[in-house]
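A short worksheet on the structure shown next.
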Protein chains: 2
Amino acid sequence: MHTTDRTIGEAAAHFGLPESTLRYYEKKGLLPGLGRDEAGRRVFSEFHMTLLQVILNLKRTNMPLGSIRQYVEWVVEGEQTTPLRLDMMLKHRQAVLDEIEIMHEALDGIDIKIARYEDRVSGWRKSRTDEENASGEEAAHTSYRKEVHP
Amino acid sequence: MHTTDRTIGEAAAHFGLPESTLRYYEKKGLLPGLGRDEAGRRVFSEFHMTLLQVILNLKRTNMPLGSIRQYVEWVVEGEQTTPLRLDMMLKHRQAVLDEIEIMHEALDGIDIKIARYEDRVSGWRKSRTDEENASGEEAAHTSYRKEVHP
DNA sequence: TTAGAACTTAAACCATGGTTGAAGTCAAGC
DNA sequence: GCTTGACTTCAACCATGGTTTAAGTTCTAA
């Protein structure tokens with residue numbers, strides 16, 4: 001039992017997670033070899049704290065818990081799994097970069113909406129007289145309303 | 001019934017989604033006013049195709065269906081909801097940018113692992129004689145194995 | 001006119017990622 | 001010695017985002 005060991009409460013506070021999540025992660029095999037003290041309480045060693053940091057990095061990039069578990073199993077198996085881990089991380093990195101690019105593209109569509117809404121609102125400020133300035137989606141919307149409430 | 005109208009099969013093919021997902025979206029209120037033909041089949045108008053494109057942009061940026069539904073309801077309510085929609089989109093855009101930044105930071109941690117694994121593998125190629133070159137995580141891993149299998 | 005493809009509904013089912021509740025144990029301070 | 005807080009287990013529950021299944025209808029083309 002090392003001085004750097006932590007209780008579940010301390011580990012949870014450190015990472016800003018509920019204790020229930022850490023118990024759940026252990027149950028899911030993400031924290032292999034997590035010890036217990038004489039009273040049966042979980043002991044988070046420095047290794048497990050480091051591992052948790054890695055797990056959270058993978059989670060924040062949307063790796064499913066099942067894949068994280070595979071990765072952790074390879075870590076436990078030792079250095080002979082290095083090529084497997086390297087391959088997994090390289091693929092994951094590319095998947096994350098792809099995902100980020102897709103989000104950027106989707107953001108472009110959202111920015112167009114923002115621009116249209118800002119124009120509309122500032123148009124309202126310029127003149128409250130011309131009530132008919134629908135365009136784009138709103139035109140489609142109007143025609144939809146014509147069809148449904150003719 | 002317009003010439004640009006589509007069946008559920010055509011709409012699904014257009015967006016690369018299963019038909020079941022489109023039915024599910026309608027049930028969840030994401031496709032208000034979706035019509036039926038004489039035989040009771042869904043009719044996807046141009047408005048609904050445009051709306052679906054917007055829905056998918058929001059989804060690809062991880063907006064929950066419940067929020068998308070709120071947005072769609074505001075679209076149906078008309079132009080007086082423009083400020084609400086603008087506010088929602090601005091907040092969402094910032095949330096997406098934040099999320100992308102968090103992913104980039106997590107990627108940095110992953111890149112460090114990749115570098116370590118690549119070093120290790122190329123080290124193996126340089127000399128197969130020195131079997132003890134553990135560092136970082138692997139050192140922690142070793143000490144963990146000492147604790148668990150002493 | 002009959003088979004097959006394409007659609008319909010409602011309800012059940014599924015995976016993921018947790019959260020919550022009940023009932024109990026343990027160590028420390030009053 | 002007794003309460004209080006921090007922990008334990010196990011099972012049940014939950015939300016999200018669909019997918020699947022069963023049973024039935026309808027258009028299309030040979």
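Here the structure is a predicted model, which means the values were calculated and not measured. Worth knowing before you read on, the calculation uses all heavy atoms, side chains too, and leaves out hydrogens, waters and symmetry mates. Quick note on labels: first sequence line is chain A, next is B, and so on, each numbered from 1.
Under the side chain to side chain donor-acceptor pair (under 3.5 Å) rule, A:Arg42 has a single partner from A:Glu19, A:His48, A:Glu26, which is A:Glu26.
In terms of phosphate contacts, B:Lys27 brings no side-chain nitrogen or oxygen within less than 4.0 Å of OP1 or OP2 of D:dT19. Using a 4.0 Å cut-off, some side-chain N or O of B:Arg42 falls inside it from OP1 or OP2 of C:dT8. Regarding contacts with the backbone of C:dA15, every side-chain N or O of A:Lys28 stays at 4.0 angstrom or more from both OP1 and OP2. The phosphate of C:dA6 has neither OP1 nor OP2 within less than 4.0 Å of any side-chain N or O from B:Arg41. Residue A:Arg36 places at least one side-chain N or O under 4.0 Å from the OP1 or OP2 atom of D:dT9.
Here the side chain of A:Glu101 pairs no donor or acceptor atom with the backbone of A:Asp98 at under 3.5 angstrom. In this structure a side-chain-to-backbone donor-acceptor pair under 3.5 Å is missing from A:Glu118 to A:Ala115.
Nucleotide C:dG17 holds its P atom 12 Å from the CG atom of A:Leu58, rounded to whole Å. Note: CE (B:Met63) to P (D:dT16) measures 15 Å, nearest angstrom. Between the C1' atom of C:dA5 and the CD1 atom of B:Ile8 lies a distance of 15 Å, rounded to the nearest Å. Separating the CG atom of B:Asn62 from the P atom of C:dG17 is a distance of 13 Å, rounded to the nearest angstrom. Nucleotide D:dT26 holds its C1' atom 11 Å from the CD atom of B:Glu38, rounded to whole Å. Summarising the geometry, the separation between CG on A:Leu31 and P on C:dG17 is reported as 15 Å, rounded to the nearest angstrom. Atom pair B:Glu26:CD and C:dC7:P shows a separation of 14 Å (rounding to whole Å applied). Separating the CD1 atom of B:Ile55 from the P atom of D:dT16 is a distance of 17 Å, rounded to the nearest angstrom.
When side chains are defined from C-beta on, A:Arg69 does not count as touching A:Lys28, because their heavy atoms never get closer than 4.5 Å. A:His14 has its side chain out of reach of A:Leu52: every pair of non-hydrogen atoms, C-beta onward, lies at least 4.5 Å apart.
Linking ILVMFWY residues whenever their side-chain heavy atoms come closer than 4.5 Å, directly or via other members, leaves A:Leu86 and B:Ile112 in distinct clusters. Both B:Phe15 and B:Ile8 belong to a single network of hydrophobic side chains, linked directly or stepwise wherever heavy atoms of I, L, V, M, F, W or Y lie under 4.5 Å apart.
Across residues 15-25 of chain A, A:Glu19, A:Arg23 each have a non-hydrogen atom less than 4.0 Å from an atom of DNA chain D (numbered order).
The 5' end of DNA chain D is approached more closely, in terms of each residue's nearest nucleotide, by B:Pro64 than by the other of B:Ala39 and B:Pro64.
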